[in-house]
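Let me begin by presenting the structure, written as structure tokens, before commenting on it.
All heavy atoms count here, side chains included; hydrogens, waters and symmetry mates do not. The chain is numbered in sequence order, starting from 1. Note that ligands are numbered from 1 as they come in the structure, with each ligand's atoms numbered from 1 the same way. Predicted model, so just to flag it, every value in this text is computed and none were measured.
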Amino acid sequence: MKTESWQQCINPNCGKKYSVKERRTTCDCGELLDVRYKGDFPRSLQETFCERRNHNQNIFDESGVWRFRELINFAGVNTENYGDYSQKLVSLGGAEGRTKPFHLPKVADYVGVNPENFWLQFEGDNPTGSFKDNGMATAFTHARIVGAKKVVCASTGNTSSSAAAFAAHELDMEAVILVGAGKIAKGKLAQSLAYGANVLEVKGDFDVAMAMVKQLSKESGVYVVNSLNAFRLEGQKTMMYRVLDYLRWEVPDWIVLPGGNLGNTSAFGKTFMELYEYGWIKKKPRMAVVVAEGAPTLADLYNDRKLRWNGGNIDNSIIDEYYAEVDRKGIKAKTKASAIEILKPVNLKKSLRTLEFTDGVVTKVPDTDIMDAMAMVSKNGFGCEPASAATVAGTKKLVEQGVIDADESVVGISTGHMLKDTKAIVDYHFNPKNRFANTPTTVEPDIKYILKLVDD
Ligand code: F0G
């Protein structure tokens with residue numbers, strides 16, 4: 001199957017094209033880029049994707065990313081020739097993206113949606129414990145195409161863990177990681193250190209580290225694997241392919257997800273735009289993006305200041321004024337959901353495009369709701385880190401507001417594993433005032449007393 005691909009400016013008034021062989025994160029005009037494709041995408045591929053679940057020890061069929069390789073073929077591989085694609089595509093041994101939606105009846109009940117129509121997809125089940133592995137498989141594949149030997153990222157902890165793991169797995173790759181000092185959960189810091197990355201703790205928060213990486217990308221030859229890298233977002237589209245593959249290509253009414261740097265929001269929107277264009281879907285799901293009250297940029301801009309994609313004619317003055325105000329007042333992002341503690345999301349404009357295409361909504365939730373929602377997910381035998389629980393807290397709020405109807409179908413994306421941030425969980429449960437706290441009882445080693453407690 002032959003596919004053409006190129007990079008293209010997202011601004012339709014510019015639309016400048018570049019080869020996929022070019023290493024760049026922005027257009028000459030300063031806007032973000034998309035990876036674009038031209039080819040034949042017959043619906044019969046849906047059967048091929050499904051058949052590959054029986055992978056027969058082919059790791060590229062086993063991979064939940066490369067199983068869908070025809071739809072993300074910027075590497076120009078012969079998708080049916082193992083000798084060709086196995087040389088060019090990067091994978092953590094086929095382990096990335098092996099996720100699917102699950103029914104969670106207790107969580108469905110909690111948010112107020114019919115349990116038969118409610119699913120959560122746990123991207124924390126990826127090898128490094130977050131959805132980032134989907135995107136690193138494609139970003140590292142592109143890094144190989146351009147001959148990069150060193151990758152760099154700013155991170156709230158998960159991008160860095162994933163980049164560090166992929167770099168460690170490759171034979172000739174090194175990862176440099178910039179994190180806000182004291183700003184990332186210990187589980188994530190542990191991973192980046194253990195995988196052998198060069199970890200730079202920047203005195204500041206994620207936004208400061210991201211600004212450094214943007215400058216680095218201009219002034220040095222390092223390869224950036226943050227989500228402003230359009231090739232990374234290609235891998236993140238596969239989360240939606242897996243949802244659709246599992247639901248037999250029936251499009252749900254809603255996709256709910258947390259928003260941080262807004263890479264997923266952008267990637268998911270692009271997925272549905274493309275499938276719509278290819279004629280694979282007739283219905284568009286509505287996207288609900290949930291941000292933390294302490295990191296409210298998208299909610300403030302979209303809901304209060306009415307910032308819109310507007311066919312690509314964005315009113316930049318609204319964004320400039322907002323950021324000028326943030327800087328003048330010295331406002332910093334602050335939330336227990338440290339993964340989404342971001343005030344200046346790099347994919348803001350692409351996310352507006354998604355919201356326009358999907359008739360999407362944005363909502364913000366307080367940390368107390370996020371933490372209760374996180375506890376609730378675990379009461380259903382699953383688990384997630386705080387940022388992921390924004391999905392559940394946001395769904396609940398949108399149902400209460402009547403935006404999501406109890407009988408509509410909802411797929412929520414849970415983005416990171418519960419063991420990423422054990423401190424957040426332990427702190428929650430050790431405080432009996434919290435709604436779902438399961439506080440341990442301290443006891444003397446007195447068997448009679450313990451027997452009494454056990455039998456009660
Ligand atoms: N959930 C988790 C667990 C995350 O780690 C992130 C982002 C998000 C949600 C938000 O996703 O950026 O696509 O809107 N983490 C990045 C990082 C910023 O550095 O690990 P997004």
Side-chain angles (χ1 to χ4, degrees), residues 120-126 128-136 139 152-165 175 177-180 183-185 187-189 191-192 197 199 202 205-210 213 224-229 232-233 235-237 239-240 255-270 287-292 295 297-299 333 335-348 350-351 354-355 362 370 373-374 377 383-394 412-421 424:
L120 274 184
Q121 180 158 301
F122 287 89
E123 293 297 326
D125 292 344
N126 268 285
T128 76
S130 86
F131 72 87
K132 307 286 180 178
D133 296 340
N134 293 291
M136 286 306 160
V152 67
C153 67
S155 185
T156 55
N158 281 328
T159 300
S160 51
S161 303
S162 186
I177 278 154
L178 280 76
V179 295
K183 287 292 195 182
I184 73 170
K188 304 175 185 180
L189 182 60
Q191 286 181 288
S192 299
V199 179
V202 181
D205 58 10
F206 171 83
D207 292 309
V208 173
M210 191 67 237
V213 165
V224 178
V225 291
N226 278 106
S227 53
L228 53 92
N229 177 331
R232 215 193 87 187
L233 295 188
Q236 289 174 212
K237 288 188 329 196
M239 285 180 258
M240 290 298 106
I255 300 286
V256 188
L257 75 161
N261 231 354
L262 303 175
N264 279 337
T265 308
S266 307
F268 296 177
K270 185 170 186 281
M287 201 80 63
V289 188
V290 189
V291 294
T297 303
L298 185 65
T335 166
K336 284 185 182 154
S338 59
I340 52 173
E341 197 179 57
I342 296 172
L343 221 47
K344 296 184 177 171
V346 296
N347 290 296
L348 176 64
K350 278 188 182 175
S351 78
T354 292
L355 290 166
V362 183
I370 290 178
M374 181 182 73
V377 172
C384 64
E385 65 166 287
S388 314
T391 292
V392 174
I413 300 298
S414 171
T415 44
H417 200 277
M418 74 186 288
L419 296 178
K420 287 277 188 175
D421 192 354

*Counting heavy atoms not belonging to Lys336, are there more than 12 under 6.0 Å from its NZ?*
no
*Nearest heavy-atom pair of Glu341 and Phe206: which atoms, and what distance?*
O-CB, 4.1 Å
*asked:* Measuring only between side-chain heavy atoms, which start at C-beta, is Val225 closer than 4.5 Å to Val152?
replied: no
*Would you mind telling me if ligand 1 is within reach of the side chain of Thr265, the backbone, both or neither, using heavy atoms under 4.0 Å?*
neither
*Close-contact set for ligand 1 against Thr159 heavy atoms, below 4.0 Å*: 16 (C), 17 (C), 19 (O), 20 (O)
*Would you say Ser388 and ligand 1 have an N/O pair spaced under 3.5 Å apart?*
no
*Short side-chain donor-acceptor distance under 3.5 Å, Lys132 and Thr159*: yes
*Per the side-chain hydrogen bond (donor to acceptor under 3.5 Å, both in side chains) rule, which among Thr265, Asn264, Asn134 passes with Gln236?*
Asn264
_Test item, Thr156 contacting ligand 1 (heavy atom, 4.0 angstrom)_ = yes
*Would you mind listing which atoms of ligand 1 come within a distance below 4.0 Å of any non-hydrogen atom of Ile342?*
18 (C)
*May I ask you to identify, for Ala387, whether its side chain, its backbone, both or neither come under 4.0 Å of ligand 1 on a heavy-atom basis?*
side chain
*Heavy-atom closest pair, residues Leu262 and Asn347*: O-CB, 3.4 Å
*For atom 11 (O) of ligand 1, grab the closest protein heavy atom and report residue, atom and distance to one decimal in Å.*
Phe131 CZ, 3.6 Å
*asked:* Can you tell me if Gly259 contacts ligand 1 (heavy atom of the residue under 4.0 Å from the ligand)?
replied: yes
*ligand 1 atoms in contact with Asn158 (distance to a heavy atom under 4.0 Å)*: 2 (C), 3 (C), 4 (C), 5 (O), 20 (O)
_Please report whether ligand 1 has a polar contact with Leu262, defined as an N or O pair separated by less than 3.5 Å (distance criterion only)._
yes
*Atoms of ligand 1 close to Ser155 [distance to a heavy atom under 4.0 angstrom, numbered from 1]*: 17 (C), 19 (O), 20 (O)
*asked:* Donor-acceptor pair, distance only, cut-off 3.5 Å: does the side chain of Thr335 make one with the backbone of Ala295?
replied: no
*asked:* Tell me which one of Asp205, Leu228, Leu178 satisfies side chain to side chain contact (heavy atoms under 4.5 Å, CB included) with Met210.
replied: Leu228
*Is Lys420 near ligand 1, meaning one of its heavy atoms is under 4.0 Å from it?*
no
*Looking only at distances, please establish whether an N/O atom of ligand 1 is found under 3.5 Å from an N/O atom of Asn261.*
yes
_Heavy-atom closest contact (Ile340 atom, Ala390 atom, distance)_ = CD1-CB, 4.4 Å
_Shortest heavy-atom approach to atom 13 (O) of ligand 1 - which of Asn264, Thr415, Ile340_ = Asn264
*Do Lys188 and Asn158 come close enough that some side-chain heavy atom pair is under 4.5 Å?*
yes
*Determine whether any heavy atom of Asn347 lies closer than 4.0 Å to an atom of ligand 1.*
no
*What do we get for Lys132 next to ligand 1 when only non-hydrogen atoms under 4.0 Å count, side chain, backbone, both or neither?*
side chain
*asked:* At less than 4.0 angstrom from any non-hydrogen atom of Ala339, what atoms of ligand 1 do you find?
replied: 2 (C), 3 (C), 4 (C), 5 (O), 6 (C), 7 (C), 15 (N), 18 (C)
_Are the side chains of Asp421 and Pro386 in contact, using a 4.5 Å heavy-atom criterion?_
yes
